Amino acid sequence: MTVRATEQSWMLDMGLAQGGIDALHPESKPLFEVLGYDPTDFDRVFALVKAGGMMPKAWATVAAQVEERAEHHDKGGFAQTAADLFQRAAVLWGRAQYSIRSTQDPRKTAFTARMNSCVARVGELRANQVRRVVLDFEGQEVYALLHLPAGDVRSAPAVILLPGLDMVKEDYIQPAHRYYTSRGIVALSIDGPGQGETRTNGLTITLDNYERAVSRAIDYLSDLPEVDGDRIGLFGISAGGYWGMRAAAHDTRLGATATFQTPCGDMSVFDRAQPSYKLNYMYISGYTDEELFDREIIDHMPLGDLALRITRPLLIGFGEFDEVTHLQQVLATYERITAPKEIRVYEDEFHPIGGVAAEYFRFGAEWLERALDGAFQEPGRDVRHYHHRNGDTVDGTATPTWWTSAG
């Protein structure tokens with residue numbers, strides 16, 4: 001436990017009891033819906049939560065109920081209804097196991113097994129279009145889900161989907177189908193080092209092994225007959241966007257990278273955000289000593305000159321009032337990038353960019369599709385937009401208009 005987590009846990013409990021998920025991240029529910037969490041499931045979970053310690057039970061309770069309904073329809077021969085419900089149960093089980101920060105806890109093992117079982121049923125009921133993958137990596141293993149378009153696909157573009165700090169690879173089952181495979185694009189969602197099933201099986205994150213894990217994913221995709229190895233991109237949100245930018249700087253085989261909610265500033269978030277943020281990162285990196293974690297990890301996390309190594313097209317989307325990284329720092333990082341680049345800032349949005357979640361997931365996917373087909377490659381490309389909540393867009397700048405009007 002960190003000092004802040006110990007001293008301030010009562011504040012998180014109070015916030016969850018009074019405000020639900022918004023106590024962690026304002027307006028995040030629309031994002032969870034894009035990720036495949038049914039709003040009724042979501043509401044039932046948080047109706048059961050009055051303190052942080054109740055989260056695993058609440059997620060597991062609703063997951064079991066949804067899985068039972070899936071089994072009912074499966075026995076009746078209603079395959080697509082069952083598949084939809086198994087997918088809902090999978091993300092709920094994924095959230096239940098995520099809520100337990102101990103690889104030795106038998107509940108985490110049991111919840112992970114239920115999650116994997118539901119994912120397997122989704123794959124079986126959807127013509128094997130979702131497949132579990134285990135990649136050997138530096139003497140350990142990285143776990144992933146391969147999402148394939150329907151039919152006999154050959155030499156298609158592919159996109160690697162990186163979850164955020166509070167996500168798992170299963171969160172991309174619905175977005176992968178909706179935004180990628182339906183368009184003939186292969187997708188691979190991964191639990192990188194420290195995440196989800198990969199962390200449960202012992203692999204922690206270091207300062208630089210996530211980008212090497214992405215390179216391993218590129219190797220895997222390049223060997224698939226379904227994939228054109230010259231057209232592989234990456235989509236990452238939140239910490240997944242940070243790791244995605246590191247990967248783009250590390251491996252030029254990534255033809256384009258789209259990131260949203262990316263923490264790319266001085267990493268003061270660990271002192272500013274709710275205590276669970278730092279607690280989660282200590283868990284995924286395997287640290288229990290807070291001072292050692294600060295010295296060996298946080299102090300070295302800012303992107304710095306890595307931003308200068310990005311050479312392929314890059315998209316950044318960001319909420320104006322993101323509570324994880326100040327917009328000023330994101331704009332400063334953007335200025336340093338010399339690759340063909342684009343940035344979009346969304347007015348009055350917080351870290352989840354929840355008010356436009358469906359829009360930016362679709363836009364990010366379409367932007368990548370075009371980039372992997374050769375668009376946005378021109379040297380010196382620099383496209384900026386500021387999106388007002390009323391629907392207006394200011395072109396040519398990502399700076400909030402009220403900054404300039406204030407002098």
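Every value quoted in this text rests on a predicted model; they were computed, and no experiment measured them.
Atoms CG and CZ, from L315 and F376 in turn, are 8.5 Å apart once rounded to the nearest 0.5 Å. Between the NZ atom in K341 and the CZ atom in R381 there is a gap of 11.5 Å [rounded to 0.5 Å]. Here the NE2-OG1 distance, from H351 to T325, works out to 7.5 Å after rounding to the nearest 0.5 Å. Note: Q97 CD to N116 CG = 9.0 Å, rounded to the nearest 0.5 Å. Note that CG of N390 is 7.0 Å distant from CD of E347, once rounded to the nearest 0.5 Å. We find the OG1-CD distance between T198 and Q140 to be 9.5 Å, quoted to the nearest 0.5 Å.
Between H388 and Y386, the ring planes lie perpendicular to each other; the angle is over 60°, past the 30° to 60° tilted range. Between H387 and Y346, the ring-plane angle classifies as parallel under the 30° and 60° cut-offs. Between Y179 and F361, the ring-plane angle classifies as tilted under the 30° and 60° cut-offs.
Contact of the R131 side chain with the L148 side chain is registered, since non-hydrogen atoms from C-beta on lie closer than 4.5 Å. Between L165 and P263, every side-chain heavy-atom pair lies at or beyond the 4.5 Å cut-off. The shortest distance between side-chain heavy atoms of L221 and L146 falls below 4.5 Å. Looking at E320 and D348, their side chains come closer than 4.5 Å, going by heavy atoms from C-beta outward. The closest side-chain heavy-atom distance from F42 to E33 is not below 4.5 Å. Within the 4.5 Å cutoff, side-chain heavy atoms of I337 are placed close to those of I316.
With sequence neighbours excluded, the residues that form a side-chain contact (heavy atoms from CB on, under 4.5 Å) with T252 are T311. With sequence neighbours excluded, no residue forms a salt bridge (charged side-chain N to carboxylate O under 4.0 Å, His left out) with R312. Evaluation of the salt bridge (charged side-chain N to carboxylate O under 4.0 Å, His left out) rule for R132 yields E197 as partners, not counting sequence neighbours. Not a single ring-ring contact (aromatic ring centres under 6.0 Å, His included) links Y283 to another residue, sequence neighbours left out. Contacts of D136 classified as salt bridge (charged side-chain N to carboxylate O under 4.0 Å, His left out), with partners at least two apart in sequence or in another chain: R216. When the salt bridge (charged side-chain N to carboxylate O under 4.0 Å, His left out) test is applied to D230, no partner is found at least two apart in sequence or on another chain. Residues passing the side-chain contact (heavy atoms from CB on, under 4.5 Å) test with Q328, sequence neighbours excluded: H326, W403. The ring-ring contact (aromatic ring centres under 6.0 Å, His included) check on Y334 picks up nothing, with sequence neighbours excluded. Partners of D251 according to the side-chain contact (heavy atoms from CB on, under 4.5 Å) rule, which considers only residues two or more places apart in sequence or in another chain, are S215, I218, R253.
Using modelled atom types, one side-chain atom of K108 and one backbone atom of I100 make a donor-acceptor pair closer than 3.5 Å. No donor-acceptor pair under 3.5 Å is formed between the side chain of Q174 and the backbone N or O of L35. When atom types are taken as modelled, the side chain of Y172 and the backbone of L162 share a donor-acceptor pair closer than 3.5 angstrom. For the pair Q195 (side chain) and P163 (backbone), a donor-acceptor distance under 3.5 Å is present. A donor-acceptor pair under 3.5 Å links the side-chain atoms of T333 to the main chain of C264, judged by distance alone. Side-chain atoms of T200 come within 3.5 Å of backbone N or O of G196 as a donor-acceptor pair. Under the 3.5 Å distance criterion, the side-chain polar atoms of D105 are left unmatched by any main-chain donor or acceptor of S102. Although no hydrogens or angles enter the test, the distance criterion places a donor-acceptor pair under 3.5 Å between the side chain of R231 and the main chain of S155. Under a 3.5 Å cut-off, the side chain of Q377 and the backbone N or O of P313 do not form any donor-acceptor pair. Formation of a donor-acceptor pair under 3.5 Å by the E211 side chain with backbone atoms of A249 is not found in this model.
When all heavy atoms of A256 and L372 are compared, the pair lying nearest together is N-CD2, 4.1 Å. When all heavy atoms of V356 and E349 are compared, the closest pair comes out as N-OE2, 3.9 Å. Residues P193 and T204 come closest through the heavy atom pair CB-O, 3.6 Å. Closest of all the heavy-atom pairs between F318 and V330 is CZ-CG2, 3.3 Å. Between E67 and C118, the shortest heavy-atom distance links the atoms CD-SG, 3.6 Å. The minimum heavy-atom distance linking G36 with V91 is given by the pair O-CG2, 4.0 Å.
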Working for side-chain contact (heavy atoms from CB on, under 4.5 Å), residues V159 and L161
CA-CA 6 Å; V159 174; L161 305 174; 3.8 Å; yes
Quick one: do I232 and I160 satisfy side-chain contact (heavy atoms from CB on, under 4.5 Å)? Show the steps, please.
CA-CA 8 Å; I232 298 176; I160 299 169; 4.2 Å; yes
Evaluate L145 against E170 for side-chain contact (heavy atoms from CB on, under 4.5 Å), listing each step before the verdict.
CA-CA 8 Å; L145 294 177; E170 288 71 23; 4.1 Å; yes
Apply side-chain contact (heavy atoms from CB on, under 4.5 Å) to the pair V168 and D191, showing each step before the final yes or no.
CA-CA 6 Å; V168 291; D191 279 335; 4.0 Å; yes
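In the displayed structure, E378 atom CD is contacted under 6.0 Å by more than 12 heavy atoms of other residues, nucleotides or ligands. By the neighbour-count criterion of 12 heavy atoms within 6.0 Å, atom CZ of R384 is densely surrounded, having more than that number from other residues, nucleotides or ligands. More than 12 heavy-atom neighbours from other residues, nucleotides or ligands sit within 6.0 angstrom of OH on Y287.
Among pairs with a residue in residues 352-371, those fulfilling salt bridge (Lys or Arg N to Asp or Glu O under 4.0 Å) read R183-E369, at least two apart in sequence or across chains. Sorted by first then second residue, the ring-ring contact (aromatic ring centres under 6.0 Å, His included) pairs that include residues 238-261, not counting sequence neighbours, are Y210-W243, F235-F260, F260-Y360.
Under the 6.0 Å cut-off for aromatic ring centres, Y281 and Y277 do not qualify, their centroids lying 6.0 Å or more apart. Remark: aromatic rings of Y98 and W93 are distant, center separation not under 6.0 Å.
Checking Q87 against R126 by side-chain atom types alone, no donor-acceptor pair falls below 3.5 Å.
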Show me the side-chain donor-acceptor pairs of residues 297-310 shorter than 3.5 Å, one per line, residues at least two apart or across chains.
from : atom 1 : to   : atom 2 : distance (Å)
H300 : NE2    : R295 : O      : 3.4
D305 : OD1    : R336 : NH2    : 2.7

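Looking at R95 and D166, no side-chain N of the basic residue comes within less than 4.0 Å of a carboxylate O on the acidic one, giving no salt bridge. The pair D294-K278 meets the salt-bridge criterion, with a side-chain N (NZ, NE, NH1 or NH2) lying under 4.0 Å from an Asp/Glu carboxylate O.
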